[in-house]
Enquirer: 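Okay, here's the structure, questions in a sec.
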Amino acid sequence: MRVPTEPPEPPVPSCPAVPVADDAGAPAADLVPRTVAWFAEHRRDLPWRAPDRTPWGVLVSEVMLQQTPAARVAPVWTRWMERWPSPRDLGQAPTAEVLRAWGRLGYPRRALRLQECARAVVDRHRGVVPGDEGALRALPGVGSYTAAAVVAFAHGGRSVVLDTNVRRVVARVVGGHALPPPSQTAAEVRQATALVPAAAADAAAWAAASMELGAVVCTARSPRCTDCPVADLCRWRAAGYPGDQHADRRRSQGWVGTDRQVRGRVMHALRDATGPLPLTAVADLWPDAGQLQRCVDGLVADGLVQRVGAGEDPALRLPG
DNA sequence: AAACCGTGGCT
DNA sequence: TAGCCAAGGTT
């Protein structure tokens with residue numbers, strides 16, 4: 001964590017002893033309106049924010065954005081929506097083409113669930129994306145965040161949108177901490193809920209604005225506090241940028257040699273292949289035959305891969 | 001409920 | 001691909 005660069009300013013004097021207890025009192029009333037006003041001027045021009053976007057397009061974007069940066073999603077989303085504008089279109093598409101269009105967004109099971117979601121929207125809701133959070137959550141690949149986001153961004157409704165960006169903003173501005181806890185807590189939900197304006201339109205605006213603030217200003221690594229519209233309200237800044245108190249964060253899982261790397265290689269090869277890929281060719285993808293076998297079995301179980309040619313020349317292909 | 005699930009950019 | 005991080009969800 002690099003301490004943010006501040007404008008020339010004495011270390012403390014302009015911020016006299018602000019008490020920074022955990023879950024200290026209510027945040028300044030200015031927080032929401034100022035953040036919303038900042039967003040109106042600084043919002044990125046992302047394709048799923050275009051005026052002619054559809055609720056389905058918003059849902060598609062939210063699924064693509066799960067753990068994938070917006071810059072990487074944008075071009076894929078645009079082509080995707082041209083090709084399959086409605087849930088009915090996506091539901092009827094060959095799954096192999098869906099997986100190829102997903103490309104390198106990562107976590108291809110999301111693509112599978114998105115297609116299942118499209119079919120569920122058609123079957124359960126006559127092709128109309130529901131505005132009810134419970135109905136949304138019941139859709140494949142839609143969890144608490146995505147359901148709340150669709151309520152806000154697709155329907156302009158009131159919801160508590162608590163993604164990694166909002167969690168970080170709230171942890172800093174309200175909680176005075178460098179980072180939120182490793183996993184979401186009830187206290188965070190309470191704090192976030194308390195910030196959501198009563199009127200639906202204001203709530204939706206706050207959701208978009210707070211996420212954007214976390215994404216482009218209040219970032220995890222090098223926050224740009226000099227550009228922050230609420231820096232003077234921020235308890236983390238007032239406290240002198242104390243370090244992360246969650247010292248025992250889990251170390252990242254690593255990559256080289258993991259099943260995820262193997263699965264990624266297999267999927268990559270299958271996306272590039274025009275037809276079925278012979279197992280002899282699959283075997284060349286990874287030196288450890290046992291691990292490879294296990295990973296292929298897993299991909300088949302997940303519905304991402306199919307076995308074909310059971311006799312002489314067995315092969316793998318993307319599901320039809 | 002801790003683990004698993006891809007990929008690429010940034011520090 | 002060192003380590004971290006990204007508009008999480010599922011089991």
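By convention in this document, chain letters (A, B, ...) are assigned in the order of the sequence lines, proteins followed by strands, and residues within each chain are numbered from 1.
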Enquirer: Listed in order of residue number, which residues of residues 47-66 of chain A have a non-hydrogen atom at under 4.0 Å from DNA chain B?
Expert: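 Per residue number, the list is empty: none.
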
Enquirer: To the nearest angstrom, how far is A/L105 atom CG from C/dA6 atom C1'?
Expert: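 That distance rounds to 12 Å.
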
Enquirer: Checking all strands, does A/R263 fall into the base, sugar-phosphate, or nothing category for heavy-atom contacts under 4.0 angstrom?
Expert: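 The residue A/R263 makes sugar-phosphate contact but no base contact.
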
Enquirer: Quick check on contacts: within residues 76-83 of chain A, what sits under 4.0 Å from DNA chain C by heavy-atom distance?
Expert: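 Those residues whose heavy atoms fall under 4.0 Å from DNA chain C, taken from residues 76-83 of chain A, amount to none.
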
Enquirer: C/dG9 P sits how many Å from A/Q115 CD, rounded?
Expert: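 Value for this atom pair: 20 Å.
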
Enquirer: For A/D259 and B/dC5, what is the distance between atoms CG and C1' respectively, to the nearest whole Å?
Expert: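 The distance from CG of A/D259 to C1' of B/dC5 comes to 10 Å, rounded to the nearest Å.
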
Enquirer: Using a cut-off of less than 4.0 Å, is there contact between a side-chain N or O of A/R168 and OP1 or OP2 of C/dA6?
Expert: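 Yes, such a contact exists.
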
Enquirer: Please determine whether any donor N or O and acceptor N or O are separated by less than 3.5 Å between the side chain of A/R109 and the base of C/dT10.
Expert: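 Check fails, no donor-acceptor contact within cut-off.
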
Enquirer: Nearest whole angstrom, please: distance from the P of C/dG9 to the CD of A/Q184.
Expert: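 About 10 Å, once rounded to whole Å.
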
Enquirer: Could you work out the separation of C/dA7 and C/dT11 based on their C1' atoms and round it to a whole Å?
Expert: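 To the nearest whole Å, 23 Å.
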
Enquirer: Does A/T146 place a side-chain N or O at less than 4.0 Å from the phosphate oxygens OP1/OP2 of C/dG9?
Expert: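 Looking at the OP1 and OP2 atoms of C/dG9, one of them is under 4.0 Å from a side-chain N or O of A/T146.
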
Enquirer: Which residues, if any, of residues 282-304 of chain A bring a heavy atom under 4.0 Å of DNA chain B?
Expert: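 Close to the strand, none.
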
Enquirer: Spell out yes or no: do the side chain of A/R221 and the base of C/dC5 have one donor N/O and one acceptor N/O closer than 3.5 Å?
Expert: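 Answer is no: no donor-acceptor pair is held.
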
Enquirer: Would you please confirm or rule out a distance under 4.0 Å between OP1 or OP2 of B/dG8 and any side-chain N or O of A/R104?
Expert: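 For B/dG8, OP1 or OP2 has a side-chain N or O of A/R104 closer than 4.0 Å.
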
Enquirer: It should be established whether A/R271 places a side-chain nitrogen or oxygen under 4.0 Å from OP1 or OP2 of nucleotide B/dT7.
Expert: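 So the side-chain polar atoms of A/R271 do come within 4.0 Å of the phosphate oxygens OP1 or OP2 of B/dT7, strictly under.
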
